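Whatever order the structure lists ligands and atoms in, that order sets their numbers, starting from 1. One-based numbering along the sequence shown. Since this is a predicted model, take the numbers as computed values, not measurements.
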Amino acid sequence: MDYIHGYSDAEQIRLIEQAEYWQEKLILKDLNYQAGESLLEIGCGAGAVLGILGRAFPGLRLAGIDLSDKQIEYAKNHLGNLNLSNLDLRVGDAARLPWQNNQFDRLYAIWFLEHLPDPLQVLQEANRVLKPGGTITLTETDYRTILITPESSDYRYLMDSLCELLLQAKGNPYMGQSLATLLNQAGFERVNNQPVSFHYAHCLNSEELRGFIEYVYSWLAPIVDRAVINLGKDRQKLQAGLDWFGSISDRDDGAVSATIYRAHATIK
Ligand SMILES: C[S@@+](CC[C@H](N)C(=O)[O-])C[C@H]1O[C@@H](n2cnc3c(N)ncnc32)[C@H](O)[C@@H]1O
């Protein structure tokens, strides 16, 4: 699988920082997990989000699965350092979960389905391993919603290239908008999908604007090389788009918006 973010040490640290950035804004939003419940995160990566959930909900029994042994190794160390125990971390494919039916109270996935060639199969598997009455929570974006002011054609070129890279890797850069449809198709009930929008402007709060720009920049910068190598894109234009994006936080008229989709559902 051509996973667009790769598995470098820097990427693992980025995942930890990303989860810290989103913990209050998104990761813990609308959750009411109880001690003693079991939770599986599919596509858990370096364990960054499991760490946030485990700290926020003591007594949760945590499980995670990722395709990459390097990620799971990192996750074991990371969660151990947070003194979280009762862990079941496995290397494997979320399309063929190595658990019996009806094992988990909670299923969680974030920044994950966008990378999958067959997200429906993965959600059917999620359905299978959830207990009756279990819940699923999904969080994904649609990269077309990351808007900047002032606009720049180079920035647009860079974001279009990001979408092309995800499509080339058989993922879906617009995944956020398909969550409800997929959950319905996978047999879930009481499905909802809420857009959660963020808007930061220099004149409103320059530090929040800077924080968001720095966060996006951290995963956008490595895309430049990939878009040149995998898609033959124009490096100068990509770099100009990235530089423009980075400069937004220094401008008096700078602003950015983004929408992220948060879906919940249950099974009978
Ligand atoms: C962007 S990372 C997100 C990790 C984690 N959810 C987080 O927010 O920190 C996506 C992860 O999905 C994993 N992945 C991709 N396809 C997978 C599959 N079919 N089964 C399990 N994991 C997969 C990748 O190895 C990668 O670690």
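Counting atoms of ligand 1 from 1 in the listed order, those under 4.0 Å from a heavy atom of Gly92 are 20 (N), 21 (C). Close approach of ligand 1 to Ile110 (heavy-atom distance below 4.0 Å) involves ligand atoms 6 (N), 8 (O). Interface atoms of ligand 1 facing Asp93, defined by a heavy-atom separation under 4.0 Å, are 18 (C), 19 (N), 20 (N).
Classification of the Trp22-Tyr215 ring pair by plane angle, with boundaries at 30° and 60°, yields perpendicular. Using a 30° and 60° split on the angle between ring planes, Trp99 and Phe104 fall in the perpendicular class, above 60°.
Cys44 counts as a contact of ligand 1, since one of its heavy atoms falls under 4.0 Å from the ligand. Taking 4.0 Å as the cut-off, Gly47 does not count as a neighbour of ligand 1 on heavy-atom distance.
Residue Asp66 has at least one N or O atom closer than 3.5 Å to an N or O atom of ligand 1. Taking distance alone, with nitrogen or oxygen atoms compared against 3.5 Å, Leu15 stays at or beyond that limit from ligand 1. Among the atoms of Trp111, none of the N or O lies under 3.5 angstrom from an N or O of ligand 1. Residue-to-ligand polar distances keep His115 apart from ligand 1: every N/O pair is separated by 3.5 Å or more. Ligand 1 has no nitrogen or oxygen under 3.5 angstrom from a nitrogen or oxygen of Glu11. In terms of polar-atom proximity, Ala94 is counted as a contact of ligand 1, with an N or O under 3.5 Å from an N or O of the ligand.
Between Glu11 and Arg14, at least one side-chain N (NZ, or NE/NH1/NH2) sits under 4.0 Å from a carboxylate O, which counts as a salt bridge. Salt-bridge annotation for Asp69 and Lys76: absent, with no side-chain N of the basic residue lying under 4.0 Å from a carboxylate O of the acidic one.
Side chains of Pro173 and Leu162 form no contact here, defined as non-hydrogen atoms less than 4.5 Å apart. Counting heavy atoms from C-beta outward, Gln177 and Asn193 have side chains that stay 4.5 Å or more apart.
The heavy atom nearest to atom 5 (C) of ligand 1, considering only Gly171, Ala109, Gly43, is found in Gly43.
When non-hydrogen atoms are compared, ligand 1 lies under 4.0 Å from the side chain of Phe112 (C-beta onward) but not from its backbone.
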